[in-house]
2 protein chains.
Amino acid sequence: MADSLNERSQNILEAIVEDYISSAEPVGSRAISRKHNLNLSPASVRNVMADLEEMGLLCSPHTSAGRIPTEKGFQYYIDTLLEVRDLNSNEKQNLRNSYRFQNMRMEDIMQEVGRVLSSLSQYTGLVMAPKFISTVFRQIEFIRLSRGRLLMIYVSETGLVQNKVIEADSSLTTSDLEYISNYLSSELNGLSIQEVRTKLSRELQEDRIHYDKLKKQALNLSCAALQDEIEDQIYVSGASLILGQPEFSTPEQMKRLVQAFESKKLLIELLDRGHSARGVQIFIGSESNQVDLEGCSLITSNFSNQKGAIGTLGVIGPIRMNYSQVVPIVDFTAQLVSRVLDREIGQD
Amino acid sequence: MADSLNERSQNILEAIVEDYISSAEPVGSRAISRKHNLNLSPASVRNVMADLEEMGLLCSPHTSAGRIPTEKGFQYYIDTLLEVRDLNSNEKQNLRNSYRFQNMRMEDIMQEVGRVLSSLSQYTGLVMAPKFISTVFRQIEFIRLSRGRLLMIYVSETGLVQNKVIEADSSLTTSDLEYISNYLSSELNGLSIQEVRTKLSRELQEDRIHYDKLKKQALNLSCAALQDEIEDQIYVSGASLILGQPEFSTPEQMKRLVQAFESKKLLIELLDRGHSARGVQIFIGSESNQVDLEGCSLITSNFSNQKGAIGTLGVIGPIRMNYSQVVPIVDFTAQLVSRVLDREIGQD
DNA sequence: ATTAGCACTCACCTCTGATGAGTGCTAATA
DNA sequence: TATTAGCACTCATCAGAGGTGAGTGCTAAT
């Protein structure tokens, strides 16, 4: 149905959306007929606007105000009218230069990505570090904390460090732990977590392993350590930028957003949505299904190195976001980060 | 000078401060003369109020409003009038029960502390994890990331894991690194970072070490890894709570605060102020010297285990904070966390 | 020394009318 | 038949006016 719009309607809708994106104010027929050289009188524009309103693509706050695009209007704009141009090589170079990735830990890289995303887009940057489950095993260490409690340190191929406290048999000596660490690290090196898990459970079932008590304990320990998920890490940058947007200028709106940004769980859930997709994804307004994020749109893209290690980055802003500007930034940044992660383990 | 206040003046100042703390509104003479049974008419109260205003302890937003305490007024209240009662054993038990510390990584503990602090105080909780410099060496690992780049993982006595990427001689093999890790871990175990540093620089100067090339490399590596500070970790919880306070209800104020909370550097600087002191410290308003935190007060206390590992926790709220309620919470929480950190490495 | 009394101040609320941007409808026009 | 000029109408926004009430400072009485 929405596709049945004729060209004039499309032009006018596009004009309204773009005017609204830059002004955040209801757009009147007069403004459209003048600024965009459509050679149409305000009256004609009004007629089309009335049609668009009937279709649910526009609405007006009150009788004597202009029109603003509805969520559905934005949806249509994004699906049909938005042309995302690629960055030219100059812009790409600028973007590359914005990032400082030298000698950074994974955490620092993620933080840096958030920082740049938010400062370039002037909205809020979100980054979710590669998920534990998507990483490739590199090394594992066990350190005794107190009787019966061990600290497990896991390092992935890309240098992502995650740790976890596990309960364990208190009879293990320090050298036992060292042996176990070495044994597991060499056994599991290069396997994906998925493969690690199947390997572990298979070996645990095999009988012969039972002859070597230490090896069995190694398997038990690593099961305890690696079987469960490890909480995703998420980075929010430039939260104050989105608060500067007029649609969130009331104290209530601000509190709501800050609350949402504080809830890592909510954000993880949000970013997980696009986690299997390739390329840039756009979630408009109520698609997020989060009351606290009402009025927000999210532009995300996944990044990953060649061995897996999938994370997600993106920008969250008002529905009235400058999609044509932000989408290429998110897109290219994801590519950039993917390449950086490869370099992390590469030989250059 | 401030101490020259007579008892009546003190009583009235106290009454005004406490009324203002609970109402956030200017306090009138009538309210004081009635609610607090001072047996004084409003007119008498007004006389005293005028004196207090002249001393700079009170001010009035305009002629026909009541009085509100100035920063100096709050300072006086805190220094002279505030009586901080200890929690009774019931309250202590409740507080203990609020915290869930089982099998938690240091990060989780810090986060949990922030969560509980903010939810109990209804202001914003701040926690700074034990500073790297104050920790006791437990173990160090080096993992090759790519040619010339190593990931260093440092684990402190309390299980604080910190990592860092360093550039290094690319000729080191995996087993070299393993040897180096083991050598350093056994050499440095139990030393404070301060001691580690002096030991390292002393050994590097000694000649005999130069015969063992690998040991020399070990020392070089650990110098590169441990000589610089590692960035402090800071946790902010319940930022939205402070935004609910009437003094920060305008959009500008909110944006300002959110910005301040986003700047880890600023917060670290703030918490560092009280870092050498013992017991609870209170920083009122402009004492923070941070324009972005204008109108805020900070209540902090350090925590530490018996071996060092000093961190700081606290609550940030409006100057009009409920000090008598929050101070004991911060105080007892710091004691609690200190004990938990000891248990981390203890034998129970 | 304390307090009752009183004039005074001023934020806050509500009501009012003016303004103007923008609309919908209708009739004239190309 | 599609477009547009014209016009009455709507309604948010703003400024000014008047009323209200909480609270003050001062003075004179207790």
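Numbered from 1 within each chain, the chains take letters A, B, ... in sequence-line order. Being a predicted model, the structure only gives us computed values, none of them experimental.
Each of dG20(C), dT3(C), dG5(C) was ranked by its minimum atom distance to the side chain of Ser64(A); first place goes to dG20(C). Considering only the side chain of Leu40(B), dT3(C) comes nearest among dA5(D), dG24(C), dT3(C). Counting only heavy atoms from C-beta on, Arg46(A) has its side chain closest to dT23(C) among dT2(C), dT4(D), dT23(C). Of the candidates dA4(C), dT3(D), dG25(D), the closest approach to any side-chain atom of Arg8(A) belongs to dT3(D).
Atom-to-atom, CD1 of Ile16(A) to P of dG22(C) comes out at 12 Å; the value is rounded to the nearest Å. The distance between atom CD of Glu54(A) and atom P of dG24(C), rounded to the nearest whole Å, is 11 Å. In this structure, Ile32(A) atom CD1 and dA21(C) atom C1' are separated by 15 Å, rounded to whole Å. At whole-Å resolution of the value, CD1 in Ile68(A) and C1' in dG22(C) are 14 Å apart. Put simply, CG on Asn39(A) is 17 Å from P on dA30(C), counting in whole angstrom units. One can place CE of Met49(A) at 13 Å from C1' of dG24(C), the figure rounded to the nearest angstrom. Distance CD (Glu25(A)) to P (dT13(D)): 10 Å, rounded to an integer number of Å. In this structure, CG of Asp51(B) is placed 12 Å from P of dT2(C), rounded to the nearest angstrom.
A sub-4.0 Å separation between OP1 or OP2 of dA1(C) and a side-chain N or O of Ser44(B) is absent. A sub-4.0 Å separation between OP1 or OP2 of dG20(C) and a side-chain N or O of Arg30(A) is absent. Side-chain nitrogen and oxygen atoms of Thr63(B) include at least one within less than 4.0 Å of the OP1 or OP2 phosphate oxygen of dC10(C). At the phosphate of dT24(D), OP1 or OP2 sits under 4.0 Å from a side-chain N or O atom of Arg67(B).
In this structure, Tyr235(A) OH and Arg115(A) CZ are separated by 15.5 Å, a value rounded to the nearest 0.5 Å.
Between Glu287(B) and Gln75(B), the side chains place a donor N or O and an acceptor N or O closer than 3.5 Å (distance only, hydrogens not considered). For the residue pair Asp331(B) / Thr333(B), no side-chain donor-acceptor distance below 3.5 Å is found, with atom types taken as modelled. Side-chain contact check for Gln281(B) and Arg273(B): no donor-acceptor pair (N or O, by modelled atom type) lies under 3.5 Å. Between the side chains of Tyr123(B) and Gln245(B), no donor-acceptor pair is found at a separation under 3.5 Å.
Along DNA chain C, the nucleotide closest to Ser41(B) and the one closest to Val27(A) are compared, and the more 5′ of them pairs with Ser41(B).
Across all strands shown, Ser60(A) has no heavy atoms under 4.0 Å from either base or sugar-phosphate atoms.
Under the Watson-Crick or G-U wobble criterion, with both distances below 3.5 Å, dA21(C) is paired with dT10(D). Across all strands shown, dA11(C) forms a Watson-Crick or G-U wobble pair, both distances under 3.5 Å, with dT20(D). Across every strand in view, dA5(D) sits in a pair with dT26(C) that passes the Watson-Crick or G-U test at under 3.5 angstrom.
Leu117(A) and Gly314(A) make their closest contact through CD1-O, 3.6 Å (heavy atoms, listed as atom of the first residue, atom of the second, distance).
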